[in-house]
Amino acid sequence: ILCDSAVAVPAAPSATTATNAQTLVNVTWTDNSTDEIGFKIYRRLSNETEATEIATAVTASPYSDSTLTEGQTAYYSVAAYNDNGESAKSKVVSATLDSVKPTVVSTTPVNGGSTTGTTVSINFSESIIIKCPASLMTCGGLNPIKLVGAGNTYYMGSHGFSGSTLSSQPFVDGANPSYTVTIDSDFIYDLNGNKMSQDYVFTFTDN
């Protein structure tokens with residue numbers, strides 16, 4: 001039995017990711033070989049038990065999967081191949097196709113309403129995460145939700161918050177102050193990466 005170590009399959013890809021892009025899922029990976037002919041993409045849907053090959057002769061990262069339907073979750077892995085065979089598969093990564101952006105569905109107090117010592121709450125249509133916009137190198141002291149009243153500015157929320165309801169304790173700024181709350185959409189994303197489409201503003205009076 002002879003073993004020719006010079007004849008080998010490519011090294012397996014690494015650093016695989018799957019990212020929701022609203023109308024498709026982008027699968028990316030790092031190529032660790034110099035002798036592959038191409039890559040094969042394997043996928044398992046959430047209602048399936050085994051992964052199947054959905055693409056071959058893919059020449060480079062990324063691969064875009066446009067065959068999913070809204071709300072469908074898929075699990076992906078990638079393998080490199082050449083004339084000698086196929087590498088081991090990369091780690092499995094997943095993404096959910098989601099084109100629905102988060103919105104504000106209600107606030108307490110309501111827009112234009114009044115309150116007496118009530119916690120201020122913002123209810124979103126789904127779980128959101130507050131994070132730095134990709135356009136910023138660092139968030140620094142920037143805050144996504146600003147509450148202005150009686151000449152003072154307060155902030156609600158913090159980077160990394162995750163949930164569908166954001167609440168803050170009441171503010172007391174003298175007699176009957178009016179407040180304006182501004183939610184900066186650039187900081188508000190759902191868990192699948194969709195950004196809130198526009199800023200949301202509401203006002204109330206503290207009695």
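Here, residue 1 is the first one in the sequence, and each next residue gets the next number.
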Distance alone, cut at 3.5 Å: any donor-acceptor contact between the side chains of Asp98 and Asn192? yes
Quick one, Tyr200 and Thr107 - any side-chain contact, counting heavy atoms below 4.5 Å? yes
Which residues, ordered by chain and number, are linked to Leu191 in its hydrophobic cluster, where ILVMFWY side chains connect at heavy-atom gaps below 4.5 Å, directly or through other members? Ile129, Tyr189
Can a side-chain donor-acceptor contact be found between Thr96 and Gln72 if the only test is distance below 3.5 angstrom? no
Closest non-hydrogen atoms of Ala21 and Asn26, given as atom of the first, atom of the second and distance, are CB-ND2, 3.9 Å
Quick one: ring-ring contact (aromatic ring centres under 6.0 Å, His included) pairs with a partner in residues 32-83, sequence neighbours left out? Trp29-Phe39
On a heavy-atom basis, which atom in Met156 and which in Ile122 lie closest, and how many Å separate them? CE-CD1, 4.1 Å
Non-neighbouring partners of Ser121 that pass side-chain hydrogen bond (donor to acceptor under 3.5 Å, both in side chains), sequence neighbours left out: Ser167
Can you name the nearest heavy-atom pair linking Asn194 to Val100, along with the distance? ND2-O, 3.4 Å
One pair to check against side chain to side chain contact (heavy atoms under 4.5 Å, CB included): Val201 and Ile183. What are the steps and the verdict? CA-CA 6 Å; Val201 180; Ile183 303 169; over 6 Å; no
Does Val58 reach the side chain of Thr56, with side-chain heavy atoms less than 4.5 Å apart? no
Among residues two or more places apart or on two chains, list those pairs meeting salt bridge (Lys or Arg N to Asp or Glu O under 4.0 Å) that have a residue in residues 42-53. Arg43-Asp65
In chain order, what residues pass the side-chain hydrogen bond (donor to acceptor under 3.5 Å, both in side chains) check against Ser33, with sequence neighbours excluded? Asp31, Glu36
Applying salt bridge (Lys or Arg N to Asp or Glu O under 4.0 Å), name anything that partners Lys89, two or more places apart in sequence or on another chain. none
Nearest heavy-atom pair of Ala88 and Ala12: which atoms, and what distance? O-CB, 3.2 Å
Please list, chain by chain and in numerical order, all residues satisfying side-chain hydrogen bond (donor to acceptor under 3.5 Å, both in side chains) with Ser77, sequence neighbours excluded. none
Looking at residues at least two apart in the chain, or sitting in another chain, which of them share a side-chain hydrogen bond (donor to acceptor under 3.5 Å, both in side chains) with Ser164? none
Is it the case that over 12 heavy atoms from other parts of the model lie below 6.0 angstrom from the CG atom of Asn47? yes
Under a 4.5 Å cut-off applied to non-hydrogen side-chain atoms, are Thr203 and Asn111 in contact? yes
So which heavy atom on Thr16 is nearest to which on Val93, and how close? O-CG1, 3.2 Å
Pairwise distance NZ(Lys101) to CD(Glu126) - rounded to 0.5 angstrom: 12.0 Å
Checking Leu45 against Thr73 for the side chain to side chain contact (heavy atoms under 4.5 Å, CB included) test, could you report, in this order, the C-alpha distance in whole Å, the side-chain angles of both residues, the deciding distance, and whether it holds? CA-CA 6 Å; Leu45 300 179; Thr73 300; over 6 Å; no
Which pair of non-hydrogen atoms, one from Pro102 and one from Ser125, has the smallest distance, and what is that distance? CA-OG, 3.6 Å
What's the spacing between Ile130 CD1 and Ile188 CD1 if we round to 0.5 Å? 4.5 Å
Do Met196 and Phe161 land in one hydrophobic cluster if side-chain heavy atoms of ILVMFWY residues count as linked below 4.5 Å? yes
Find out if a path of hydrophobic residues (ILVMFWY) with successive side-chain heavy-atom gaps under 4.5 Å connects Leu147 to Phe187. yes
Given the rule in the side chain to side chain contact (heavy atoms under 4.5 Å, CB included) test, do Val27 and Val78 qualify, once you have shown the distances and angles that lead to the verdict? CA-CA 9 Å; Val27 181; Val78 182; 4.1 Å; yes
Give a yes or no on whether the backbone of Val105 and the side-chain of Thr103 come within a donor-acceptor separation of less than 3.5 Å. no
Using side-chain contact (heavy atoms from CB on, under 4.5 Å) as the criterion, list what pairs up with Asn82, not counting sequence neighbours. Pro10, Asp35, Ile37, Asn84
Give the C-alpha distance, both sets of side-chain angles, the deciding distance and a yes or no for side chain to side chain contact (heavy atoms under 4.5 Å, CB included) between Asn123 and Val104. CA-CA 6 Å; Asn123 298 303; Val104 174; over 6 Å; no
Who passes side-chain contact (heavy atoms from CB on, under 4.5 Å) against Thr17, sequence neighbours left out? Thr19, Thr28
Hey, is the main chain of Ser185 close enough, under 3.5 Å, to the side chain of Asp199 for a donor-acceptor pair? yes
Would you say Ser87's side chain and Ala79's backbone share a donor-acceptor pair under 3.5 angstrom? no
Is it the case that the side chain of Glu70 and the backbone of Ser99 share a donor-acceptor pair, with hydrogens and angles ignored and the cut-off at 3.5 Å? yes
Listed partners of Val110 passing side-chain contact (heavy atoms from CB on, under 4.5 Å), at least two apart: none
Any pair counted as salt bridge (Lys or Arg N to Asp or Glu O under 4.0 Å), so long as it reaches residues 179-198, sequence neighbours left out: Asp186-Lys195
